[in-house]
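I have placed the structure first, in the form of structure tokens, so that the comments after it can refer back to it.
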Protein chains: 2
Amino acid sequence: MKKHIISALVENKSGVLAHMVGLFSARGFNIDSLAVGETEDPQFSRITMVVAGDEQILEQVRKQLQRLVNVVKVQDFSGTAAVERDLVLVRVSAAPAKRREVMELAQVFRARIVDVGHSDVMIEVVGKEDKVQALLGLLARYGIVEMARTGRIALARSSRG
Amino acid sequence: MKKHIISALVENKSGVLAHMVGLFSARGFNIDSLAVGETEDPQFSRITMVVAGDEQILEQVRKQLQRLVNVVKVQDFSGTAAVERDLVLVRVSAAPAKRREVMELAQVFRARIVDVGHSDVMIEVVGKEDKVQALLGLLARYGIVEMARTGRIALARSSRG
């Protein structure tokens with residue numbers, strides 16, 4: 001099933017998020033990723049969701065979202081020219097003798113080392129999903145100890161508007 | 001009120017997120033930021049929330065979370081040595097004559113230009129909250145057109161364990 005990136009500009013009120021998440025989960029949609037953060041205006045938050053599911057039902061949900069009192073605007077970025085990014089913090093096993101190898105991999109992916117322990121390093125990586133997945137795939141053979149990942153965010157490109 | 005970063009490792013099942021968000025919103029907690037993403041194990045997701053609220057009630061909610069069937073582990077990173085990061089995509093007004101100034105600011109903050117239009121640029125910036133806020137503050141005078149922000153994520157440091 002095709003993945004959709006749904007972005008909603010909402011009023012920054014308690015309950016809006018619970019309402020939106022409930023709308024999707026009541027229809028059995030699994031939310032692959034979710035990002036909720038501030039916007040340029042402190043009154044509003046932007047909620048970005050990646051969901052996969054039946055196109056028709058998704059269209060219904062999108063319309064329902066649009067009708068919610070506290071939802072200002074809903075966009076679906078699928079099939080549009082958008083910049084998509086997510087951020088991962090990952091701690092990888094790396095004894096001192098292996099550290100250089102891990103650091104080289106990070107460098108190739110323009111990732112940054114943000115913490116070093118006796119037998120591990122923590123890496124911060126940002127990018128499109130396929131780039132992030134590629135690095136994680138390469139790091140997996142060293143052993144991923146722990147990982148935290150934000151949901152994906154997106155903004156429309158103006159260079160191809 | 002002190003902000004808390006709550007990180008929960010949960011089973012990747014429809015409904016868990018709705019349940020968690022509901023638990024906070026039923027008690028009137030405003031969720032400042034929320035990040036839901038995959039982990040090293042496809043069976044589990046990690047939910048990171050930044051919430052501010054009464055300490056005692058928060059402690060109750062944390063205990064309730066811990067008891068949820070699909071929640072594996074709950075951590076509160078406040079007061080611990082943790083790496084905290086969030087990611088912002090921000091489109092800034094920048095006519096060609098102003099572009100260099102904006103690009104210089106981005107460079108100082110190790111931010112990246114990810115799209116350029118006729119009269120705007122899009123910047124990707126990652127960091128601790130104060131760094132990100134500082135750059136956004138400087139960009140505001142050029143005019144922030146649009147912005148998307150992930151929730152904050154965090155992992156404990158092992159360098160000061």
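Hydrogens, waters and symmetry mates play no part in the numbers below; they use all other heavy atoms, side chains included. The sequence lines fix the lettering, A, B, ..., with proteins before strands; numbering per chain opens at 1. Keep in mind that this is a model prediction, so the values were computed, not measured.
With chain B as partner, the option from His118(A), Glu124(A), Arg112(A) having the largest number of non-hydrogen pairs under 4.5 angstrom is Arg112(A). Options Val145(A), Asn12(A), Leu34(A), Asp120(A) differ in how many heavy-atom pairs under 4.5 Å they form with chain B, and the most are formed by Leu34(A). Looking only at heavy-atom pairs under 4.5 Å with chain B, the residue among Val121(A), Val50(A), Leu87(A), Leu17(A) that has the most is Leu87(A). Of the listed residues (Leu89(B), Ile31(B), Thr39(B), Val126(B)), the greatest number of heavy-atom pairs within a distance under 4.5 Å of chain A belongs to Leu89(B). Of all the listed residues (Ile153(B), Ile47(B), Thr48(B), Leu136(B)), the one sharing the greatest number of non-hydrogen pairs under 4.5 Å with chain A is Ile153(B). Contact tally against chain B (heavy-atom pairs below 4.5 Å) for Val83(A), Leu9(A), Val21(A), Leu155(A): the top residue is Leu155(A).
For Asp41(A), no part sits under 4.5 Å from any heavy atom of chain B, backbone or side chain. For Arg152(B), no part sits under 4.5 Å from any heavy atom of chain A, backbone or side chain. The contact between Ala154(B) and chain A is made entirely by backbone atoms, counting heavy-atom distances below 4.5 Å. For a residue to count as touching a neighbouring chain, one of its non-hydrogen atoms must lie under 4.5 Å from one of that chain's; by this rule Val116(B) touches chain A with the backbone only.
Counting heavy atoms of neighbouring residues, nucleotides and ligands inside a 6.0 Å radius, atom CD of Glu104(A) exceeds 12 of them. Atom CD of Gln107(B) is surrounded by 12 or fewer heavy atoms from other residues, nucleotides or ligands within 6.0 Å.
Without hydrogens or angle criteria, Arg91(B) side chain to Ala156(A) main chain gives a donor-acceptor distance under 3.5 Å.
A side-chain donor from one of Ser7(B) and Arg46(B) sits under 3.5 Å from a side-chain acceptor of the other.
Applying the ring-ring contact (aromatic ring centres under 6.0 Å, His included) test to pairs two or more places apart or on separate chains, those with a residue in residues 10-64 of chain A are Phe24(A)-Phe29(A).
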Show me the donor-acceptor pairs, under 3.5 Å and distance only, between side chains in residues 60-73 of chain A and residues at least two apart or in other chains.
| from | atom 1 | to | atom 2 | distance (Å) |
| --- | --- | --- | --- | --- |
| Arg62(A) | NE | Glu59(A) | OE1 | 3.3 |
| Arg62(A) | NH2 | Glu59(A) | OE2 | 3.2 |
| Gln64(A) | OE1 | Arg27(A) | NH2 | 2.9 |

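In this structure, the separation between OG1 on Thr80(B) and CZ on Arg157(B) is 10.0 Å, given to the nearest 0.5 Å.
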